[in-house]
Amino acid sequence: MPKVIGMLDKIIQDLTEKQWSFQPGAISPAELRLMAPLFEGDFQPARVGKKGERQRVEEIRGDWISWIDVLDPPAEIQAQIKLLNELKTQVNQNLFLGLKDFECHLAKYPIGSFYKRHIDRHAKESSRALTYIFYLHQDWKKEDGGELVIYQRSGEKIATITPESGSLVTFISDDFPHEVLSSRRERRSMTGWMHTQIIN
């Protein structure tokens with residue numbers, strides 16, 4: 001618990017000062033090994049576009065996803081769902097974002113796939129306020145690629161983040177365009193958003 005509290009404090013500090021945070025070691029190697037079978041299940045091709053018009057465009061986005069019921073998550077990720085609930089509470093108490101709910105999915109990027117620059121809250125009707133990404137692959141090396149690149153809205157690059165195994169990235173959804181670079185190994189994550197409206 002002290003480690004979790006310390007990590008939450010650091011995330012809040014980072015979000016307050018620069019609106020994004022990178023926390024290595026949020027998930028242990030032993031936990032990552034237990035999570036590996038989750039990526040052997042049924043995944044669907046990720047799509048782009050507005051609701052009702054979504055389609056698969058691999059020139060933009062090449063990942064495959066599997067949605068998680070956050071009210072009844074697999075045992076392997078229950079600790080992370082608990083952490084997200086605690087993070088939601090801390091963000092509301094310190095940043096006053098009015099977060100009410102969150103959603104997430106598992107994502108895997110086959111070798112050579114990517115996700116071009118985009119923003120997570122691009123429509124006025126979107127209630128996404130905070131983006132989070134847990135990296136669930138094992139033994140990731142810098143030469144494996146798959147970096148997350150974060151930009152200012154002006155286009156200035158502000159961070160290139162190696163998706164270290166077990167690390168956690170969070171950022172304000174409306175503030176930062178970002179992209180996923182291609183990798184030389186299958187890249188795995190649990191990705192989602194905290195919302196200012198109830199979505200479940």
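- In the model, Thr131 has a side-chain atom that pairs as donor or acceptor with a side-chain atom of Ser173 under 3.5 Å.
- With sequence neighbours excluded, the residues satisfying side chain to side chain contact (heavy atoms under 4.5 Å, CB included) with Ser165 are Leu32, His137, Trp140.
- Side-chain contact check for Asp120 versus Phe176: every heavy-atom pair is 4.5 Å or farther apart.
- Taking Glu186 as the reference, Arg188 meet the salt bridge (Lys or Arg N to Asp or Glu O under 4.0 Å) condition, with sequence neighbours excluded.
- Looking at Arg153 and Asp174, their side chains come closer than 4.5 Å, going by heavy atoms from C-beta outward.
- Judged as a ring-ring contact (aromatic ring centres under 6.0 Å, His included), and not counting sequence neighbours, the contacts of Tyr115 are His118.
- Side-chain contact between Leu83 and Tyr132: absent, with no pair of heavy atoms (C-beta onward) separated by less than 4.5 Å.
- Atoms CE and CG, from Met190 and Leu106 in turn, are 7.5 Å apart once rounded to the nearest 0.5 Å.
- Every residue meeting the side chain to side chain contact (heavy atoms under 4.5 Å, CB included) condition with Thr89, not counting sequence neighbours, appears here in chain and number order: Gln93.
- Considering CG of Leu15 and OG1 of Thr170, their distance stands at 4.5 Å, rounded to 0.5 Å.
- Taking OG from Ser113 and CZ from Arg61, the interatomic distance works out to 11.0 Å, rounded to the nearest 0.5 Å.
- In this structure, Tyr151 belongs to a hydrophobic cluster whose other members, linked by side-chain heavy atoms under 4.5 Å apart, are Val149, Leu181.
- The cationic group of Lys88 does not satisfy the cation-pi geometry with Phe102, failing either the under 6.0 Å distance to the six-membered ring centre or the 45° limit from the ring axis.
- Applying the side chain to side chain contact (heavy atoms under 4.5 Å, CB included) test to Lys141 and every residue at least two apart in sequence or in another chain returns Glu143, Asp144.
- Using a 4.0 Å cut-off between charged side-chain N and carboxylate O, Arg33 and Asp139 make no salt bridge.
- Alongside Phe114, the hydrophobic cluster contains no other residue (criterion: ILVMFWY side chains under 4.5 Å).
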Give the C-alpha distance, both sets of side-chain angles, the deciding distance and a yes or no for side-chain contact (heavy atoms from CB on, under 4.5 Å) between Thr191 and His105. CA-CA 6 Å; Thr191 300; His105 61 264; 4.0 Å; yes

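- For residues 74-94, no residue pair satisfies the ring-ring contact (aromatic ring centres under 6.0 Å, His included) rule, not counting sequence neighbours.
- Side chains of Leu130 and Leu87 form a contact here, defined as non-hydrogen atoms less than 4.5 Å apart.
- Between Cys104 and Ile81 there is a side-chain heavy-atom pair separated by less than 4.5 Å.
- Shown here are the ring-ring contact (aromatic ring centres under 6.0 Å, His included) partners of Tyr109, two or more places apart in sequence or in another chain: there are none.
- Ser167 contributes no side-chain N or O that, together with a main-chain N or O of Pro163, makes up a donor-acceptor pair within less than 3.5 Å.
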Could you go through the side-chain contact (heavy atoms from CB on, under 4.5 Å) check for Glu86 and Gln90 one step at a time? CA-CA 6 Å; Glu86 293 171 351; Gln90 290 295 320; 5.5 Å; no

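- Proximity of a side-chain donor or acceptor of Asn92 to a complementary backbone N or O of Gly98 within less than 3.5 Å is detected.
- With sequence neighbours excluded, the residues that form a side chain to side chain contact (heavy atoms under 4.5 Å, CB included) with Glu59 are Val57.
- Atom CD of Glu179 is separated from atom CD1 of Ile60 by 13.0 Å, given to the nearest 0.5 angstrom.
- With contacts defined as side-chain heavy-atom distances shorter than 4.5 Å, the pair Ser66/Asp42 does not qualify.
- Other members of the cluster containing Trp193 are Ile65, Trp67, with ILVMFWY side chains joined at under 4.5 Å, either directly or via other members.
- Taking 4.5 Å as the limit, every side-chain heavy atom of Lys18 sits out of range of all side-chain heavy atoms of Ile158.
- Side chains of Ile11 and Met7 form a contact here, defined as non-hydrogen atoms less than 4.5 Å apart.
- Of all heavy-atom pairs between Gly62 and Pro110, the closest is O-CD, 3.5 Å.
- In the hydrophobic cluster analysis, where Ile, Leu, Val, Met, Phe, Trp and Tyr join through side-chain heavy atoms closer than 4.5 angstrom, Val4 is grouped together with Phe134.
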Got a list of side-chain donor-acceptor pairs under 3.5 Å for residues 21-30, not counting sequence neighbours?
residue, atom, partner, partner atom, Å
Ser21, OG, Asp14, OD2, 2.8
Ser21, OG, Gln23, NE2, 3.0
Gln23, NE2, Asp14, OD2, 3.3
Ser28, OG, Glu31, N, 3.1
Ser28, OG, Glu31, OE1, 3.2

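- Distance alone, capped at 3.5 Å, places no donor-acceptor pair between the Arg56 side chain and the Pro45 backbone.
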